[in-house]
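Numbers restart at 1 for each chain; the letters A, B, ... are given by sequence-line order, proteins then strands. Below, each value reflects all heavy atoms present in this structure, side chains not excepted, and no hydrogens, waters or symmetry copies.
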Protein chains: 2
Amino acid sequence: MAGKVSERRAALRENLVLIAERIIAEQGLGALRARDLAAEAGCAVGAIYNVFGDLTDLVLTVNARTFHRLGADVAAALADAPQDPVEQLVVMAQAYHRFAAENHLSWRALFDVERPAGQAAPDWYLEEMGHLLTYIADPLAVIFPGRAADEHALLTRALFSSVHGIVLLGLDQASSGVPTDDIDRMIALVLRQITASPQ
Amino acid sequence: MAGKVSERRAALRENLVLIAERIIAEQGLGALRARDLAAEAGCAVGAIYNVFGDLTDLVLTVNARTFHRLGADVAAALADAPQDPVEQLVVMAQAYHRFAAENHLSWRALFDVERPAGQAAPDWYLEEMGHLLTYIADPLAVIFPGRAADEHALLTRALFSSVHGIVLLGLDQASSGVPTDDIDRMIALVLRQITASPQ
DNA sequence: ACCTCATTTGAACGCGGTTCAGTGATAGTG
DNA sequence: CACTATCACTGAACCGCGTTCAAATGAGGT
C-alpha cells in the first residue's frame, strides 16, 4: 500500500479544516485552541503540526475556503442581477454585505488573522481578490467607457474599499449595531451616487 | 500628607500610558508585554493591576488618546480648509489618511484591541466618533440642504465608512501597498463623485 | 518472526497575562 | 517619638496556550 500514510494525513487535514471552520464560524477565531482541535479530531496535539506548519497555516486554509465561498456568492448574485450595470454593482455589494452578516465570525477571521509583518499575501488571496475586483471593474467599464485605465483601476479599488468599509463598520458592535437595512441603504446610496454620470 | 498614595498612583498611571503608547506606536499592539512595561516603568508587574484592571484597560486608555489626536488633526485640517464644502470633506478625509499613515500602528490598535463580545463601546469612543461625524455632517448639510434628517445621517456614516475602508485597505500590507497618492486620489474621486449634485 | 525506520504521541517547555500571600510603607494614636 | 493597624506594593507562582521532541508505535521489508 503506497499511499496509506498520505491518505491518513489527508483525511486528518480535511477533518481539522472542517472542525476549525466550525469553531471559527460559531465562536470566532479567538476561540480556536490546538488542544480542543486535537480532542475533536481524535488525534494528538502534535499531529496537527505534522499536517500544518502552525495554527496560522490552518486558519489561512480555512480563510481560503471562506474567501472562495464569498467570491462564489458575489458571482451568483451577479449572475442573477439585471442588465443595468449600476444595479449589478448594488446587487453584488449587497451580496457581500449579506455574506459578511451571515458568516460574521468567519468573515472577520479573514482580516483578524495575524500576518507576520512584511509577509506577502498568499496567492489564493490575491487571486480571489482579483476575481472580486474584476466583477466590479466590468460594470464600471460600461458605466464609464471613456476613462483611462489607471483611473479605472483606482475607481474599482475605491468602490470595493468603500463597500467593505460600510459593511465593516456597520456590522461592528462598537458602532452600536447599524440595522441591516441601513447598511444596504448606505451601499445603494454610495454606489448610485458615485456611478451617476457627471452632468 | 493626604494624597501621597494617589499621587504616586497617578504618576505611575501616566508613566505606564506613555510607555505603552510608545511601544504600540513603534512595535504595534502585539508587542505590548506586561513584564516589559513593568521593567521600563520601574515597578512590579502587579503594580500595573493596581492602576488598570487589565492590559486591555491600559490599551483602551492609549486608544482614547490616539483617537483624540486623530480628531484634533481632522479638526485642524477643517479649520485650514477652503470654504467649499466638498473641498472640506476631501481635506478632512486626507487628514484622516495622513494620520493613519503617520501613526499606522497606533491607528491599527484602535481597531485591533479585542473587545469582549457584546460589550458596549466606551463613552470616549462614541463621543469622539460623534465629533468626527459632525465634522462630516456640517459640510454635507450645505451640499444637500434638502435631504431628510435620517438620510442625512446615513450619508454621513456612509462617507466616513467609505473613507475608512479606502484608508484601511490602502494601508494594508496584504494589498501589496497602494501608493499614498493613489489613496488620496481614491478619496477625492469618491467624495467628489458622491457629492456631485444629481442632475 | 525480526529488524528498521518513519510516523505519531503527549508530556514537557517557554511565554505571557494575571493573582495573591508575604513584605514593607503609611498614617493615626498615645 | 514609639507603636501599631492598615493598606499598598512586590514578585514568585499559577494557569492557559502554542509549540516541540524524546519515546512509543506500527508498517514494510527480509
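Considering only side-chain N and O atoms, B:N50 lies under 4.0 angstrom from the phosphate OP1 or OP2 of D:dC9. For the OP1/OP2 pair of D:dC9 and a distance below 4.0 Å, the side-chain nitrogens and oxygens of B:R9 include at least one atom meeting the criterion.
The neighbour count for B:R98 CZ, taken as heavy atoms of other residues, nucleotides or ligands under 6.0 Å away, does not exceed 12. In the displayed structure, B:Q83 atom CD is contacted under 6.0 Å by at most 12 heavy atoms of other residues, nucleotides or ligands.
In this structure, the CG atom of B:D54 is 17 Å from the P atom of C:dG16, given to the nearest Å. Counting to the nearest Å, the P atom of C:dG10 and the CG atom of A:L37 are 16 Å from each other. Here C:dG16 presents its P atom at 12 Å from CD1 of B:I23, a figure rounded to the nearest Å. Protein atom CG of B:L16 is 15 Å distant from nucleotide atom C1' of C:dG17, rounded to whole Å. In this entry the distance linking CG of A:D36 with P of D:dG18 reads 8 Å, nearest Å.
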(request) Verify salt bridge (charged side-chain N to carboxylate O under 4.0 Å, His left out) between A:E14 and A:R65, making sure each step is shown before the conclusion. (result) CA-CA 12 Å; A:E14 187 66 15; A:R65 294 165 60 114; 3.6 Å; yes
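Proximity note for A:A47 (side chain, C-beta onward) versus C:dT9, D:dG18, C:dT18: the nearest is C:dT9.
At a threshold of 4.0 angstrom between heavy atoms, the contacts of A:L12 with the nucleic acid are absent. The residue B:L58 sits apart from the nucleic acid: no heavy atom pair falls under 4.0 Å.
Projected onto DNA chain D by closest heavy-atom contact, B:C43 and A:R33 fall at different nucleotides, the more 5' of which corresponds to B:C43.
There is a path of hydrophobic side-chain contacts, each under 4.5 Å, that joins B:L169 to A:L126.
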